[in-house]
Amino acid sequence: MVKSMSVQGIEGFEIEVEATTIRGQQQMISIIGLGDQAVKEAGERIQAALEFCGYEIPKEKVIISLAPGNRRKKGSHYDLAMTIALLQQTEQICVKKIESYAMIGELSLNGRIRPCNGILPMVTEAKNCGIKSVIAPYENWKEAESVTDIEVIGIRTLREAVQFLEGKKIPLKEGNMEYVQHDGTVQWGVDFSDVKGQSELIDAIVLGAAGGHNVLMIGEPGCGKTMIAERILSGKFYACSCHESMSVRVLSRKQMQMYRL
């Protein structure tokens, strides 16, 4: 059994992928488990990628199950997990402790692993499910690496994924993480506590800063406009926790995807 992940809204959930062959029936790949059209078309991508990479395509009927069978699955990012499950079932590869990995990624016809949407909630849920490592598309690696306490392996091709699972070395990734984690508080020399009164204005300033809105302050000289403005960036702000930061990123990614539609 091979594990993958799915996403519904902004929440991820675990998928168990199983593959088997049935002798004496017409050669085909049948995928069950309430998958959408992208899932149903995965059989063609899998066969083309196996052929290109030099693996054997089973001559019997292949059945691939995506469990739980009562939850709908959307997207093409199950391709990698289904392919590895099929290679394991047909004894073309031998992977020990395969259940400790979650595999995410769409296959191109030449075996390249394409990036996918929803990587953050899927990797986060994989960690919550006790999975030790996630194999993900290289283009999603930096984003997925921002989830702490779980190993993320960025791979470019099906061959790379097989090499890694069989214990062989794959090329190291270049560059540093583009996400920076913060804990605790940021301390500055001045603070909103220096301001006496103006509590409603301070609340408005905090809301405006949090939402990235413009703020116009109008008042008599000496009422505290400049004093408050100086503390917008130099006041005492509490950084998001790791969980809060991840939730914000997931919501931001989801909103960007909606705008693209």
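For reference, positions follow the sequence shown, starting with 1.
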Could you tell me the separation between the [atom1] atom of [X] and the [atom2] atom of [Y], rounded to the nearest 0.5 Å?
{"X": "Thr21", "Y": "Glu60", "atom1": "OG1", "atom2": "CD", "value": "5.0 Å"}
{"X": "Ile205", "Y": "Ile228", "atom1": "CD1", "atom2": "CD1", "value": "6.5 Å"}
{"X": "Glu56", "Y": "Lys59", "atom1": "CD", "atom2": "NZ", "value": "6.5 Å"}
{"X": "Leu109", "Y": "Arg45", "atom1": "CG", "atom2": "CZ", "value": "8.5 Å"}
{"X": "Met103", "Y": "Ser4", "atom1": "CE", "atom2": "OG", "value": "9.0 Å"}
{"X": "Tyr78", "Y": "Ile104", "atom1": "OH", "atom2": "CD1", "value": "10.0 Å"}

query = Taking it one step at a time, do Ile32 and Ile64 satisfy side chain to side chain contact (heavy atoms under 4.5 Å, CB included)?
reply = CA-CA 6 Å; Ile32 58 176; Ile64 299 177; over 6 Å; no

So, for [X] and [Y], which heavy atoms are closest and what is the spacing to 0.1 Å?
{"X": "Ala144", "Y": "Val123", "result": "CB-CG2, 3.9 Å"}
{"X": "Cys116", "Y": "Ile119", "result": "SG-CD1, 4.4 Å"}
{"X": "Ile202", "Y": "Gly197", "result": "CD1-O, 4.0 Å"}
{"X": "Lys61", "Y": "Ser30", "result": "CE-CB, 4.2 Å"}
{"X": "Ser108", "Y": "Ala49", "result": "O-CB, 3.7 Å"}
{"X": "Ala85", "Y": "Val17", "result": "CB-CG1, 4.0 Å"}

request  = Report the C-alpha separation of Gln47 and Ile29 in whole Å, then their side-chain angles, then the decisive distance to 0.1 Å, and conclude whether the side chain to side chain contact (heavy atoms under 4.5 Å, CB included) test is met.
outcome  = CA-CA 9 Å; Gln47 291 183 81; Ile29 295 180; 3.5 Å; yes

Treating Ile, Leu, Val, Met, Phe, Trp and Tyr as nodes and any side-chain heavy-atom pair under 4.5 angstrom as an edge, say whether [X] and [Y] lie in one connected cluster.
{"X": "Ile84", "Y": "Phe164", "value": "yes"}
{"X": "Leu207", "Y": "Val195", "value": "no"}
{"X": "Leu107", "Y": "Ile93", "value": "yes"}
{"X": "Ile98", "Y": "Met82", "value": "yes"}
{"X": "Ile10", "Y": "Met122", "value": "yes"}

query = Considering the options Met5, Arg71, Lys73, which one meets the side chain to side chain contact (heavy atoms under 4.5 Å, CB included) requirement together with Ile15?
reply =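 Passing option: Lys73.
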
request  = Evaluate the salt bridge (charged side-chain N to carboxylate O under 4.0 Å, His left out) criterion for residues Asp36 and Lys74: first the C-alpha distance (whole Å), next the side-chain angles of each, then the deciding distance (0.1 Å), finally the verdict.
outcome  = CA-CA 5 Å; Asp36 66 357; Lys74 298 180 180 180; over 6 Å; no

ask   = Does the pair Glu14 and Lys3 meet the rule for a salt bridge (charged side-chain N to carboxylate O under 4.0 Å, His left out), with working shown?
value = CA-CA 7 Å; Glu14 183 180 329; Lys3 293 183 180 179; 3.6 Å; yes

ask   = Run the salt bridge (charged side-chain N to carboxylate O under 4.0 Å, His left out) check on Arg112 and Glu139 step by step: do they pass?
value = CA-CA 11 Å; Arg112 188 173 69 85; Glu139 286 85 350; 3.8 Å; yes

Side-chain contact test, heavy atoms from C-beta onward, threshold under 4.5 Å: evaluate it for [X] versus [Y] and give yes or no.
{"X": "Asp194", "Y": "Met227", "answer": "yes"}
{"X": "Lys40", "Y": "Ile31", "answer": "no"}
{"X": "Ile150", "Y": "Lys132", "answer": "no"}
{"X": "Thr83", "Y": "Leu158", "answer": "yes"}
{"X": "Ile57", "Y": "Glu51", "answer": "yes"}

inquiry  = Quick one, Val152 with Ser133, criterion side chain to side chain contact (heavy atoms under 4.5 Å, CB included). Give me CA distance, side-chain angles, the key distance, then yes/no.
reply    = CA-CA 6 Å; Val152 180; Ser133 304; over 6 Å; no

request  = Check for a donor-acceptor pair, side chain of Asp79 on one end and backbone N or O of Ile46 on the other, with a separation under 3.5 Å.
outcome  =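 No; zero donor-acceptor contacts below 3.5 Å.
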
message = Strictly distance-based, threshold 3.5 Å: is any side-chain N or O of Glu16 a donor or acceptor partner for the main-chain N or O of Met1?
response =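 Flag not set: sc Glu16 to bb Met1 has no pair under 3.5 Å.
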
ask   = Should we say atom CD of Glu166 is surrounded by more than 12 heavy atoms from elsewhere, each under 6.0 Å from it?
value =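 For Glu166, atom CD is crowded (more than 12 foreign heavy atoms under 6.0 Å).
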
key: Any side-chain donor near an acceptor of the partner, Gln8 and Arg72, under 3.5 Å   =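 The answer is no; no qualifying pair exists.
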
request  = Sequence neighbours left out, what pairs pass ring-ring contact (aromatic ring centres under 6.0 Å, His included) with at least one residue falling in residues 111-135?
outcome  =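 Counting only pairs at least two positions apart or across chains, no ring-ring contact (aromatic ring centres under 6.0 Å, His included) contact touches residues 111-135.
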
task = Might you work through the side chain to side chain contact (heavy atoms under 4.5 Å, CB included) test for Glu41 and Val39, ending with a clear yes or no?
result = CA-CA 5 Å; Glu41 292 174 350; Val39 175; over 6 Å; no

Qualifying side chain to side chain donor-acceptor pair (under 3.5 Å) pairs, either residue in residues 87-107, two or more places apart =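 Output for this query lists Ser76-Glu106, Thr90-Gln92.
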
